[in-house]
Amino acid sequence: MSVPKAISPHRLSSLLRRQKDPNLALQLFQNPNPQLQSTKPFRYSLLSYDIIITKLARAKMFDQMDQILLQMGRETRFVTKEIIFCNVISSYARARLPHKALEMFEQIPSFRCRRTLKSYNAVLDALLKCGEIGKMREFLVGLGNQVNPDVCTFNILINANCKYGCLDDARNVFDTMLSRGVEPNEVTFATLISGFCSNCKLEEALRLKEDMSKVYGVKPNSSVYVSLIKELCRIGEFGLAFGLKDEMEREKVTLGLTVYTTFISALFKVGKKDEAHKILEEMKGSGLKPDTVTYNAMIHGFCMENDLNAAYKVLDQMVKEECKADIITYNIIIGGLCKDGKWSEANDLFEDLPRLGYKPDVVSFRTMFVGLCNCRRFNEAATFLDEMLFKGYIPSSEGRQKIVDGLCQEGDMKLLVKVLSSLGNANSIGVDTWELVISMVCKKESLSNVSEKVDTLLVPNNFLYRPKEGKLY
DNA sequence: AGACAAGGCG
């Protein structure tokens, strides 16, 4: 019988890297030599810590990740690299855990690792991604004098202003960075141009694209083109959009998946399926395989035309190509089914999501709720509402309007009161909803009855209309 | 090597 050979720390790293399943990777990490009853502790390399931590962070297995972090902190053979913590911070941002991101930042020194601008920027970006603008400002002020912002810091601040529609402020940050001698890079311009495009300022976006090469000597990259193409398609300027695609080819900017997907999505939206298929073929011809985003764009296109069969065919295609559908794929299909009047089928699919391995998100709940309202299934919608509120999801303002509107039209005051009560308890009524209710009731009843009606809506259910909190979510 | 930008649902 041959004696099993122990695997080396180096070999463990390469095995870990290849293991796609985070659970199996963790098992492997914790017990690299299951055949050997070794008494000596395994000498993990920094790289293997790096790989397993990054894998666990991406899989949002934070408890397990914390254990490994602690274990790494006890190692004395090497100095931990800051980039590992940056990755952890980004993962917390993706999981919408801003507190954990900040906590990680605080703990970096306890790993005998020096904090630099890198982790500082990672936190700044994490707070932005989580919508924690107040915390972001605090963080900036708190460490203001200790850091010298670099391009990346400025890029994050520009992005923050763009995300909140403050294009002038974004420009100001850009000017500040110039005046402080920090050279803008392609990310800076891509961020600004994307901001202009998504705020309907195409002219400025195009001008900046010209300036970036002429004035600043930075060549427009694929992201810049994608933003411009997307906006041009949105306003129906397909000719100009294709013109930019030609320009990319002339300028030898790589036509990546994102460019093709942008065109496919836009063409599907205006019903130009033939052209979309031409682009799809061209894309495949250049050796690119459609990914989840590409397929989702197609499924969305078919759903908008109520062609559920074609949409399901794309889903089959995804399975064949081993391209994993995600929650967005299913949100699109649920919306499509409702749009086609198939609310019951949509509801079955919604209920089935956990079994299929997907966790319904805000959009799933809101889509299903609006869908039920649009199909005028108000009883089902009211039941669904309680379920979603219980889970902590609040319907969109469109959804709230739809159900109140619908119940008023149906004259189902009893259910209306129940729905308002549920929304009230979730503290998510909003002025808009109240205005709607009152105007609806006014239309329905003679004026003398209105106050009485509003009273029955208010008193027995303990509604408190608090103007300060009557704000939209 | 890797932080920051860019394509899909509401």
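Chain identifiers are assigned alphabetically (A, B, ...) following the order of the sequence lines, protein sequences preceding nucleic acid strands; residue numbering begins at 1 within each chain.
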Item to check | Distance, rounded to the nearest Å, where A:Phe105 contributes CZ and B:dA3 contributes P | outcome: 18 Å
Item to check | Nearest-nucleotide pick for A:Asn155, side chain only, options being B:dG10, B:dC4, B:dA3 | outcome: B:dC4
Item to check | For atom CZ of A:Phe365 and atom C1' of B:dG10, their distance in whole Å | outcome: 14 Å
Checklist entry - Has the side chain of A:Asp50 got a donor or acceptor atom sitting under 3.5 Å from an opposite partner on the base of B:dG2? => result yes
Checklist entry - Considering only side-chain heavy atoms of A:Thr54, which listed nucleotide, B:dC9, B:dG2, B:dA6, is closest? => result B:dG2
Checklist entry - What is the distance from CE of A:Met283 to C1' of B:dG7, rounded to the nearest Å? => result 11 Å
Next on the checklist: Taking 4.0 Å as the cut-off, does a side-chain nitrogen or oxygen of A:Lys129 come that near to OP1 or OP2 on B:dA5?
Outcome noted: yes
Next on the checklist: For A:Asp246, I'd like to know if atom CG has over 12 heavy atoms of other residues, nucleotides or ligands within 6.0 Å.
Outcome noted: yes
Checklist entry - Among the nucleotides B:dG2, B:dG10, B:dG7, which one has an atom lying closest to any side-chain atom of A:Val226? => result B:dG7
Item to check | Side-chain ion pair, A:Glu210 and A:Arg207, N-O less than 4.0 Å | outcome: no
Item to check | Under-4.0 Å salt bridge between A:Lys278 and A:Glu275 | outcome: no
Checklist outcome for this item: Of B:dG10, B:dA5, B:dG7, the nucleotide closest to the side chain of A:Thr367 is B:dG10
Checklist entry - Whole Å only: how far is the CD1 atom of A:Ile328 from the C1' atom of B:dC9? => result 6 Å
Next on the checklist: Nearest to the A:Leu257 side chain among B:dC9, B:dG7, B:dC4, which nucleotide is it?
Outcome noted: B:dG7
Item to check | Rounded distance (Å) that lies between atom P of B:dG10 and atom OH of A:Tyr330 | outcome: 18 Å
Next on the checklist: Given B:dC4, B:dG10, B:dA1, identify the nucleotide with an atom nearest to the side chain of A:Asp125.
Outcome noted: B:dC4
Next on the checklist: Below the 4.0 Å mark, does B:dG7 have OP1 or OP2 next to a side-chain nitrogen or oxygen of A:Ser265?
Outcome noted: no
Checklist outcome for this item: Side-chain contact check for A:Asn87: nearest option of B:dC9, B:dG2, B:dA1 is B:dG2
Checklist entry - Can you check the A:Asp361 CG to B:dG10 P distance for me, whole Å? => result 12 Å
Checklist entry - Looking across every strand, which nucleic acid part, if any, lies under 4.0 Å from A:Thr188 by heavy atom: base, sugar-phosphate, or nothing? => result nothing
Checklist entry - Ignoring hydrogens and angles, are the base of B:dG2 and the side chain of A:Lys118 linked by a donor-acceptor pair under 3.5 Å? => result no
Checklist entry - How about A:Phe174 and A:Phe189: are their ring centres within less than 6.0 Å of each other? => result yes
Checklist entry - With a 3.5 Å cut-off and just heavy-atom distances, do the side chain of A:Thr261 and the base of B:dG7 make a donor-acceptor pair? => result yes
Checklist outcome for this item: Picking from B:dC4, B:dG7, B:dC9, the nucleotide nearest the side-chain atoms of A:His300 would be B:dC9
Item to check | Minimum-distance nucleotide (side-chain atoms of A:Ile83 versus B:dC9, B:dA1, B:dA3) | outcome: B:dA3
Next on the checklist: For A:Arg114, is the CZ atom crowded, meaning more than 12 foreign heavy atoms sit under 6.0 Å from it?
Outcome noted: no
Item to check | Spacing between A:Arg94 atom CZ and B:dG2 atom C1', to the nearest angstrom | outcome: 12 Å
Item to check | Euclidean distance, atom CD1 of residue A:Ile333 to atom P of B:dG10 [Å, nearest integer] | outcome: 14 Å
Checklist outcome for this item: Among the nucleotides B:dA6, B:dG7, B:dA3, whichever has the atom closest to the side chain of A:Asp291 is B:dG7
Checklist entry - Looking only at side-chain N and O atoms, does A:Lys269 come under 4.0 Å of OP1 or OP2 in B:dC9? => result yes
Checklist entry - Are A:Lys272 and A:Phe238 in a cation-pi setup, meaning NZ or CZ lies under 6.0 angstrom from the ring centre and within 45 degrees of the ring axis? => result yes
Next on the checklist: Tell me whether the side-chain N/O atoms of A:Ser223 come closer than 4.0 Å to OP1 or OP2 in B:dG7.
Outcome noted: no
